[in-house]
Amino acid sequence: MKTIRWGILGAGRIARKFASDLRLVENSELIAIGSRSKESADEFAKEFSVQYRHGSYEELAQNPDVDVIYIATPHNLHYENTLLCLNHNKAVLCEKPFAMNSRQTKEMIRVAREKKVFLMEALWTKFHPHFIKMQEMVKQGMLGEIRSVLVNFGFMPIPPVPTRLFDPALGGGTLMDIGIYNVFIAMSILGKPDEIDAVITPASTGVDEQCAILFRYKNGAMAQLFSTFSSNLATEADICGNEGRIRLTSRFYEPSSTIEFYPDKTDSKQIIPVEKEAGVGYQYEARHVNDCLRKELTESDVVSFADTILLMETLDKIRKIAGIRYPADESK
């Protein structure tokens with residue numbers, strides 16, 4: 001089986017988590033790191049025994065030995081970083097949010113299609129065993145007709161607070177950082193909403209410090225989604241039907257989450273067993289990308305381009321309703 005050779009663009013916290021989990025993926029090798037400084041690349045390469053250490057993103061994109069690049073930079077850089085890699089004919093796994101808006105998203109996908117190069121949004125939750133099992137339970141009708149989805153995600157940033165969390169130029173605010181998981185979960189269960197309401201508590205910078213979203217559906221189903229940087233929440237998700245309920249415990253978006261199944265009232269809890277692996281959980285999406293590349297695919301059948309566009313278009317609508325704007329929205 002062909003060994004897939006990975007590069008990582010960006011040398012921050014999430015890049016280190018991905019690099020650590022990539023060690024768990026068979027027939028994979030992390031061979032290159034690209035950072036904005038040679039010092040940062042050298043430090044990362046020493047920590048993970050990486051062969052190539054590039055002091056610029058351009059150098060990484062030009063490395064002929066790299067098969068695929070994981071984009072691990074801040075939100076606002078995903079667009080330009082992905083285009084850089086695609087234009088050097090490198091397959092890309094781009095961290096969520098895929099871009100700052102749907103205009104950027106569609107351009108990234110257009111270039112990938114034109115170049116016939118693989119591209120996928122890194123919605124890691126979609127590949128986790130607990131999420132797959134939950135979807136199976138819903139499809140099997142174990143909850144009956146789904147009537148509501150309730151999701152909360154919140155934490156109080158620990159000082160020193162990362163600049164990106166509140167800077168509009170960096171895509172700050174809860175919606176794009178953590179609320180995207182709430183929106184993704186709701187749409188995975190209920191699909192595209194027919195109506196959207198959204199309100200925010202603005203931070204001093206203008207981005208959302210808190211965001212409350214309501215999805216309505218023509219069949220009467222609803223989703224209530226809440227994200228905040230003002231308090232520490234349970235970070236759980238409840239999928240509720242007329243014949244049962246599933247709770248994904250904290251943290252609902254990670255493979256460490258437990259599936260609680262309630263076929264009746266609150267005292268009917270059953271724990272649904274799900275396979276657990278070592279690592280944080282990035283290995284699952286990495287395996288999928290490897291499979292796609294070995295099959296010479298240019299688009300994932302799990303996180304499709306249509307899925308990514310719909311998610312970003314929905315986030316655009318939420319931001320418009322709630323009054324969240326970024327400098328990238330003004331760019332053409």
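Everything quoted here is computed from the prediction, not taken from an experiment. What's counted below: heavy atoms across the whole structure, side chains too, no hydrogens, waters or symmetry copies.
Between F184 and F131, the angle of the ring planes stays under 30°, which puts this pair in the parallel group of the 30/60° scheme. Taking the six-membered ring for Trp and thresholds of 30 and 60 degrees, F155 and F153 have ring planes inclined between 30 and 60 degrees apart.
Between R110 and E114 there is a salt bridge, since a side-chain N of the basic residue sits under 4.0 Å from a carboxylate O of the acidic one. Salt-bridge formation is detected for the pair R319/D329: a Lys NZ or Arg NE/NH1/NH2 atom is positioned less than 4.0 Å from an Asp or Glu carboxylate oxygen. Ion pairing of D197 with R216 is present here, as a side-chain N (NZ or NE/NH1/NH2) and a carboxylate O approach within less than 4.0 Å.
There is no side-chain donor-acceptor pair under 3.5 Å between N182 and S227. Under the 3.5 Å distance criterion, with hydrogens and angles disregarded, a donor-acceptor pair is assigned to the side chains of H288 and S300. If you check the side chains of T174 and D177, you find no donor sitting under 3.5 Å from an acceptor. For the residue pair E29/T3, the side-chain donor-acceptor check at 3.5 Å is not satisfied. One side chain, Y52 or D65, offers a donor N or O that lies under 3.5 Å from an acceptor on the other. Donor-acceptor pairing under 3.5 Å is recorded for the side chains of E121 and T308. In this model, no donor atom of one side chain and acceptor atom of the other lie less than 3.5 Å apart for T235 and N152. Using a 3.5 Å distance cut-off with no hydrogens or angles, the side chains of E58 and H88 do pair a donor with an acceptor. Side-chain contact annotation: Q270 with E260, donor-acceptor N/O pair under 3.5 Å absent.
In terms of heavy-atom proximity, H78 sits nearest to M108 at O-CE, 4.0 Å.
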